[in-house]
Amino acid sequence: MRKTKDSAAGDSLPIYPLVTITVLTKRADFLAANKGLRNARPGFVLLTRPNRGQGKRFGITVTKKVGNAVVRNRMKRRFRELLRDALPEEGMADTDHVLIGRSGGITRDYHRMRGELSHALKAASEGKGDRPRPQRKPRK
RNA sequence: CCAGGGGGCCGGGCAGCCGCGUUCCUUCGACAGGCUCAGGAUGAGCGGGUCGGAGGUGCGAGGAAAGUCCGGGCUCCACGAAACAAGGGUGGCGGGUAACGCCCGCCGGGUGAGGCUUUCGGGCCGAAGCUCAGGGAAAGUGCCACAGAGAGUAUACCGCCGAUGGCCCCUAAAGGGCACAGGCAAGGGUGAAAGGGUGCGGCAAGAGCGCACCGGGGGACUGGUGACAGGACCCGCAUGGCAAACCCCACCCGGAGCAAGACCAAAUAGGGGUCUCGCGCUGAAAAGCAGGAGUGUUUCGCUCCGAGAGACCCGGGUUGGUUGCUAGAGCGCAGGGAGCAAUCCCUCGCCCAGAUGAAUGGCUGCCGCCGCCGAUAGGUCCUUUUCGAAGGAUACCGUGGGUGGACACAGAACCCGGCUUACAGGCCCCCUGGCACC
RNA sequence: GCUGCUGUAGCUCAGUGGUAGAGCGCACCCUUGGUAAGGGUGAGGUCGAGAGUUCAAUUCUCUCCAGCAGCA
């Protein structure tokens with residue numbers, strides 16, 4: 001209830017440009033993004049999926065397989081920095097962008113990954129990319 | 001200076017651009033209240049609240065934040081008292097502490113450079129340091145496989161002897177033989193372990209059988225708060241190991257954990273609780289008796305239940321938010337005091353993360369650390385010397401330059417005290433031994 | 001974050017202070033014209049790692065390392 005009021009207030013302020021990029025926090029959103037387009041690059045995998053008017057959103061996933069907490073946190077920070085730089089210009093409106101960390105994402109040169117992210121976003125906006133993965137078997 | 005050992009501390013620094021979380025301040029906007037004034041709707045002013053934007057300001061991961069192995073705070077649950085049992089834990093003594101399985105000091109054992117002694121097999125003493133889950137094995141039970149004759153009431157395979165008794169030979173006597181009865185436990189052998197050790201005497205052979213030394217047991221007494229140490233005197237020696245096997249002794253422990261707990265919103269299903277009426281037998285009633293349940297058990301007690309109806313409240317499944325949430329057994333290479341020390345007391349100063357798909361990052365420059373190269377001020381060495389210096393060598397010291405490389409282990413999640421484990425590199429202190437100099 | 005549990009042959013599991021086993025699987029042989037089934041023989045183990053207690057540890061104790069499950 002309060003939230004709707006807040007968003008209405010934000011709409012009534014045309015002074016500030018509304019490029020609000022929100023963060024995915026729900027597990028269900030991440031699972032849904034799994035059904036979108038996949039664009040794999042050496043340091044990361046980009047998932048993109050339209051979200052029916054939820055705005056420009058992003059999320060980051062780094063699994064325990066990649067390393068310990070220090071490595072995972074550093075990778076998430078670098079990804080956030082990449083997305084902060086790329087999404088306002090190159091991101092697609094009303095789309096969830098999910099980056100999945102791979103082992104190269106910690107040592108790969110930042111500028112090189114920035115270029116790769118641009119290419120991946122361009123490919124995704126043109127509808128290119130791998131088919132979604134088949135449903136995972138419920139291991140564990 | 002070198003080698004070995006122990007302890008403590010730090011764990012990159014500075015700067016630029018762009019970003020993140022949060023405290024406070026200023027300002028802007030939205031929302032819903034409040035108060036005052038005027039009033040017909042309504043308007044004006046004041047002050048704070050929530051949310052959002054902008055600007056400024058302060059702060060912003062660790063020594064292990066890790067493992068979750070101990071001990072507490074805090075919160076909820078349980079709780080009538082005492083005794084007891086069960087389960088778990090700790091284990092030399094004294095001190096420190098909120099407490100501990102932690103820390104300090106001391107005691108005892110082990111190791112130990114080395115020293116003393118020797119019958120050359122060995123025995124004894126023992127610095128610094130390191131190390132020890134270090135109560136009890138004549139309270140009891142149990143176990144000690146295999147091997148071995150024998151493994152805890154010791155035993156006798158090979159072996160030794162056969163003095164005494166027996167048999168045989170030779171006999172005047174002395175003597176000799178057999179290994180039958182029997183004696184022995186020195187030597188061999190088995191084993192992790194064989195029921196004190198060495199030597200001399202002794203003996204048929206042997207044996208603490210006797211003696212000397214060493215070891216061991218008991219121990220008046222002395223010292224010490226105590227663990228314990230010393231020890232007159234007595235005992236030939238009489239009882240191995242395992243308690244991280246059961247157990248005994250002394251001491252300690254209620255359970256769960258911030259996903260504890262509290263509140264708000266949303267959501268909905270027929271489980272639980274409270275109150276009223278009613279309620280086994282005797283009795284008019286009060287009460288008594290019987291049954292069942294609960295409080296770990298017992299005792300003394302206490303409480304509740306019965307049979308349904310009505311009313312009210314909460315739970316179950318489903319998710320979001322707020323709070324708990326950070327000023328505390330706090331920190332200080334500040335000063336003073338007590339103590340060998342751990343630590344404690346007084347004064348002064350300081351504020352040092354509060355995130356929640358989880359805040360410290362991205363890019364860059366300089367410096368710092370290590371190696372290599374050239375041989376440039378200065379040092380050092382050699383040669384020449386007109387004693388001003390010149391030339392050469394060197395990379396050990398220092399300065400400057402170029403180039404390459406390394407920068408670890410690791411991320412708070414309620415908070416503290418420890419332990420354990422991981423860790424590139426660097427700094428400081430102490431102890432022991434050796435070498436040099438005074 | 002908190003709390004439990006489990007690590008033994010390729011797989012699933014026993015086991016106990018003294019030589020480590022079973023089933024399936026694997027290899028070879030027999031049987032068959034050939035295969036399956038059946039029978040026989042055999043290989044394969046740092047008992048998760050490291051310390052400690054003990055004469056002796058897979059077992060007992062401690063510390064690490066993996067993996068799994070539960071808790072709003």
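These figures come from a predicted structure and were not determined experimentally. Below, read A as the first sequence line, B as the second, and so on, with proteins coming before strands; counting in each chain starts at 1.
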- Set of residues satisfying salt bridge (charged side-chain N to carboxylate O under 4.0 Å, His left out) with respect to R57(A), sequence neighbours excluded: D29(A), D96(A)

- Return the nearest nucleotide to the side chain of N68(A); candidates are A410(B), A358(B), A61(B). A410(B)

Show the distances under 3.5 angstrom between N or O atoms of the protein and N or O atoms of nucleotides 16-22 of chain B.
{"from": "G19(B)", "atom 1": "O2'", "to": "R84(A)", "atom 2": "NE", "distance (Å)": "3.3"}

- Mind telling me whether G388(B) is syn or anti, cutoff 90° either side of 0? syn

- May I have the distance from L83(A) (atom CG) to G362(B) (atom P), rounded to whole angstrom? 15 Å

- Task: Starting at atom CZ of R57(A), determine the distance to atom P of G357(B), rounded to an integer number of angstrom.
- Result: 14 Å

- Note on the structure: Testing A358(B), G357(B), G411(B) for proximity to the side chain of F30(A), the answer is G357(B)

- Message: Could you tell me the Watson-Crick or G-U partner of C9(B), where both distances fall under 3.5 Å? Say none if there is no partner.
- Response: G426(B)

- Item | side chain to side chain donor-acceptor pair (under 3.5 Å) against E126(A), all qualifying residues, sequence neighbours excluded | K128(A)

- Task: Can you tell me, in whole Å, how much space there is between the P of A43(C) and that of U63(C)?
- Result: 40 Å

- Which way is the base of G401(B) turned, syn or anti, if we draw the line at 90° from 0? anti

- Message: Rounding to an integer number of angstrom, what distance separates U421(B) and A64(B) when you compare their P atoms?
- Response: 13 Å

- Message: Just the rounded figure in Å: distance from C1' of A410(B) to CZ of R77(A).
- Response: 12 Å

- Query: Quick one: side chain to side chain contact (heavy atoms under 4.5 Å, CB included) partners of P50(A), sequence neighbours excluded?
  - Reply: none

- Message: Would you compute the distance between atom CG of L99(A) and atom CG of L117(A) and round it to the nearest 0.5 angstrom?
- Response: 6.0 Å

- Query: Rounded to the nearest Å, what distance is computed from the CE atom of residue M75(A) to the P atom of nucleotide G411(B)?
  - Reply: 15 Å

- A66(B) pairs with, by Watson-Crick or G-U criteria that keep both distances under 3.5 Å: U420(B)

- Query: Whole Å only: how far is the CZ atom of R78(A) from the P atom of G361(B)?
  - Reply: 12 Å

- Query: CG of L46(A) to CZ of F79(A): how many Å apart, nearest 0.5 Å?
  - Reply: 10.5 Å

- Query: Residues in side chain to side chain contact (heavy atoms under 4.5 Å, CB included) with S118(A), at least two apart?
  - Reply: E90(A), R114(A)

- Taking atom C1' in both C331(B) and C351(B), what distance in whole Å separates the two? 9 Å

- Spatial distance of atom CE (M113(A)) from atom CG (L82(A)) [nearest 0.5 Å]: 5.0 Å

- From E116(A) CD over to R108(A) CZ, what is the distance, rounded to the nearest 0.5 angstrom? 4.0 Å

Identify all pairs in which a protein N or O lies below 3.5 Å from an N or O of nucleotides 65-67 of chain C, and state each distance.
none

- Pairs touching residues 66-83 of chain A that satisfy salt bridge (charged side-chain N to carboxylate O under 4.0 Å, His left out), sequence neighbours left out: E81(A)-R84(A)

- Name the stems that RNA chain C belongs to, where each is three or more consecutive Watson-Crick or G-U pairs with both distances under 3.5 Å? C:1-7 with C:65-71, C:10-13 with C:21-24, C:26-30 with C:38-42, C:48-52 with C:60-64

- Query: Where does C51(B) fall, syn or anti, if syn means a chi angle no more than 90° from 0?
  - Reply: anti

- Query: Taking only residues two or more places apart in sequence or in another chain, which ones pass side chain to side chain contact (heavy atoms under 4.5 Å, CB included) with V71(A)?
  - Reply: V66(A), N68(A), I106(A)

- For I60(A), report the nucleic acid contact type (base, sugar-phosphate, nothing); a contact means any heavy atom under 4.0 Å. base

- Item | U23(B): pairing nucleotide in any strand, Watson-Crick or G-U under 3.5 angstrom | none

- Quickly work out the L24(A) CG to G357(B) P distance and round it to whole Å. 12 Å

- Task: Using the C1' atoms only, state how far A82(B) lies from A262(B), rounded to an integer number of Å.
- Result: 38 Å

- Using the C1' atom as the reference point in each nucleotide, state the distance between G140(B) and A243(B) in Å, no decimals. 13 Å

- Query: Which heavy atom of A86(A) sits nearest a heavy atom of L121(A), and at what distance?
  - Reply: CB-CD1, 4.1 Å

- Task: Report yes if some heavy atom in the side chain of R102(A) is under 4.5 Å from a heavy atom in the side chain of R41(A); otherwise report no.
- Result: no

- Any strand, both distances under 3.5 Å, Watson-Crick or G-U wobble: C116(B) pairs with G123(B)

- Message: Would you say Y110(A) ends up clustered with L87(A) if hydrophobic residues are merged whenever their side chains have heavy atoms under 4.5 Å apart, either directly or through other cluster members?
- Response: yes

- To the nearest angstrom, how far is K76(A) atom NZ from G362(B) atom P? 15 Å

- Going by heavy atoms closer than 4.0 Å, what residues in residues 109-121 of chain A are next to RNA chain B? Y110(A), H111(A)

- Of R108(A) and V62(A), the one whose closest RNA chain B nucleotide lies more 5': V62(A)

- Below 4.5 Å, heavy atoms only, C-beta onward: do I60(A) and L83(A) meet side chain to side chain? yes

- Using links of under 4.5 Å between side-chain heavy atoms of ILVMFWY residues, direct or through other members, which residues join L24(A) in one cluster? F30(A), V45(A), L47(A), V98(A), I100(A)

- Task: Quote, to the nearest angstrom, the P distance that separates C313(B) from C69(B).
- Result: 47 Å

- Query: With rounding to whole Å, what would you report as the distance between C106(B) and G361(B) at their P atoms?
  - Reply: 48 Å

- Item | Complementary nucleotide for C277(B) - Watson-Crick or wobble, under 3.5 Å | G308(B)

- Message: Below the 4.0 Å mark, does A358(B) have OP1 or OP2 next to a side-chain nitrogen or oxygen of R80(A)?
- Response: yes

- Query: Which nucleotide, in any strand shown, forms a Watson-Crick or G-U wobble pair with A179(B), with both distances under 3.5 Å?
  - Reply: none

- Item | C14(B): pairing nucleotide in any strand, Watson-Crick or G-U under 3.5 angstrom | G365(B)

- Query: When the distance from CZ of F79(A) to P of A359(B) is rounded to whole Å, what number comes out?
  - Reply: 15 Å

- Message: With rounding to the closest Å, how many angstrom separate the C1' atoms on C381(B) and G404(B)?
- Response: 33 Å

- Task: Just label A22(C) as syn or anti from its O4'-C1'-N9-C4 or O4'-C1'-N1-C2 angle, using within 90° of 0 for syn.
- Result: anti

- About how many Å separate OG1 of T48(A) and CZ of F58(A), when rounded to the nearest 0.5 Å? 15.5 Å

- Item | Conformer about C1'-N of G63(B) - syn within 90° of 0, anti elsewhere | syn

- Task: Say whether V23(A) and M75(A) are linked into one hydrophobic cluster, either directly or through other cluster members, by side-chain heavy-atom distances under 4.5 angstrom.
- Result: yes

- Message: Could you identify the nucleotide paired to G240(B), looking across every strand shown and requiring Watson-Crick or G-U wobble geometry with both distances under 3.5 Å?
- Response: C144(B)

- Message: Mind checking if V70(A) touches a base, just sugar-phosphate, or nothing, with heavy atoms under 4.0 Å?
- Response: base

- NA contact type, D85(A), heavy-atom cut-off 4.0 Å: base, sugar-phosphate, or nothing? nothing

